[in-house]
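To keep things clear, I will list the structure first and then write my remarks on it.
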Amino acid sequence: KVAGSGAGGLAGCRRPGGEIRTILVIRLDHIGDFLMATPAIRALRRAYPAAEIIGVVGSWARPVAQANPHLDRLVTYDAIWFRRRSGGISVWWRNLRTRLQLIWLRADVAVNLRGDYGNVLFTYLTGARLRAGHVDAPDGGARYRHWLTHPVTYRADIHETERCLD
């Protein structure tokens, strides 16, 4: 379990010189998928009560994410692979600023709750020292597993809520 002590778990992980202080929870896709991630976010809060937990969500999920009591703050990133419209150059510029903001943040942990190629690459590019998340591909994500320090194999046989906790 990502928040616990399972194979992909972060339990016992420490940053050099101390505890985990900053956790990014990345869920860039749909509003319903963000809602299904609520138990995982709650589990991270329980496992790391002193950490700042930052939700990274698409603008379409922001109103729902703002109501999540387990998140300390939000960062909006409109992933081009989920947008219905291009949004023009302003979206590209805003996304570049957001990526730089995430790199400068120097998060201790980034947890990706969706395992496709774009999201795993996004997680890698945050620069977080520990990167956990699903890898979802017919080959088990062999092409991009190495971008995560704690890869978790995507399981299609369980509900999305359980998969987020995996």
Side-chain angles (χ1 to χ4, degrees), residues 1-15 18-79 81-83 98 101-102 105 107-138 140-141 144-145 147-166:
K1 306 291 181 190
V2 169
S5 58
L10 297 174
C13 292
R14 300 286 181 261
R15 63 188 298 278
E19 297 290 320
I20 290 175
R21 293 186 286 181
T22 309
I23 301 172
L24 301 176
V25 178
I26 301 166
R27 193 71 207 221
L28 301 174
D29 50 352
H30 313 290
I31 293 171
D33 292 318
F34 176 81
L35 288 171
M36 295 297 113
T38 301
I41 297 167
R42 182 175 47 241
L44 284 166
R45 171 56 66 210
R46 287 181 181 152
Y48 304 98
E52 179 182 24
I53 300 179
I54 302 168
V56 184
V57 300
S59 61
W60 43 85
R62 188 176 181 89
V64 173
Q66 286 174 321
N68 189 309
H70 309 293
L71 294 173
D72 296 303
R73 66 177 156 135
L74 293 173
V75 172
T76 302
Y77 184 87
D78 288 341
W81 53 95
F82 289 120
R83 286 191 57 80
T98 301
Q101 175 187 1
L102 292 173
L105 180 64
D108 298 308
V109 177
V111 178
N112 169 26
L113 297 176
R114 182 177 170 107
D116 59 49
Y117 179 84
N119 285 296
V120 172
L121 177 60
F122 180 90
T123 302
Y124 176 76
L125 293 175
T126 65
R129 188 174 61 85
L130 301 173
R131 298 172 308 279
H134 292 104
V135 286
D136 177 18
Y144 53 90
R145 253 186 124 77
W147 291 340
L148 299 172
T149 59
H150 293 72
V152 178
T153 301
Y154 181 89
R155 292 184 49 204
D157 63 322
I158 59 176
H159 189 270
E160 183 67 18
T161 304
E162 292 177 74
R163 196 169 22 254
C164 286
L165 286 166
D166 212 9

Does any non-hydrogen side-chain atom of [Y] lie less than 4.5 Å from one of [X]?
{"X": "Tyr124", "Y": "Leu148", "result": "no"}
{"X": "Leu28", "Y": "Asp78", "result": "no"}
{"X": "Tyr48", "Y": "Ile53", "result": "no"}
{"X": "Leu44", "Y": "His70", "result": "no"}

Which atom names give the shortest non-hydrogen contact between [X] and [Y], and what distance separates them?
{"X": "Ala110", "Y": "Thr123", "value": "CB-CG2, 3.8 Å"}
{"X": "Leu71", "Y": "Ile54", "value": "CD2-C, 4.3 Å"}
{"X": "Val111", "Y": "Val109", "value": "CG2-CG1, 3.8 Å"}

Side chain to side chain contact (heavy atoms under 4.5 Å, CB included) between Val56 and Phe122: does it pass, once the steps are laid out?
-> CA-CA 11 Å; Val56 184; Phe122 180 90; 4.0 Å; yes
Got a donor-acceptor contact below 3.5 angstrom from the Arg27 side chain to the Leu113 backbone?
->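 Yes, because the side chain of Arg27 sits within donor-acceptor range (under 3.5 Å) of the backbone of Leu113.
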Backbone N or O of Trp147 within a donor-acceptor pair of the Arg131 side chain at under 3.5 Å?
->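 It does hold such a pair.
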Any salt bridge (charged side-chain N to carboxylate O under 4.0 Å, His left out) pairs touching residues 62-72, not counting sequence neighbours?
->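 The answer is Arg45-Asp72.
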Can you tell me how far CG of Asp29 sits from CG of Asn119, rounded to the nearest 0.5 angstrom?
->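 If I round to the nearest 0.5 Å, the distance is 6.5 Å.
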Spacing of CZ belonging to Arg114 relative to NE2 belonging to His30, to within rounding of 0.5 Å =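 If I round to the nearest 0.5 Å, the distance is 5.5 Å.
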Qualifying residues under side chain to side chain contact (heavy atoms under 4.5 Å, CB included), relative to Val64, sequence neighbours excluded =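 For Val64 the side chain to side chain contact (heavy atoms under 4.5 Å, CB included) partners, ignoring immediate neighbours, are Ile31, Phe34, Leu35.
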Can you name the residues that form a side chain to side chain donor-acceptor pair (under 3.5 Å) with Gln66, not counting sequence neighbours?
->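 Once residues adjacent in sequence are excluded, Gln66 has no partner under the side chain to side chain donor-acceptor pair (under 3.5 Å) criterion.
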Salt-bridge criterion met for Arg21 and Glu52 (N-O under 4.0 Å) =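 So Arg21 does not pair with Glu52 through a salt bridge.
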Under a 4.0 Å N-O cut-off, is there an ion pair linking Asp108 with Arg129?
->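 No.
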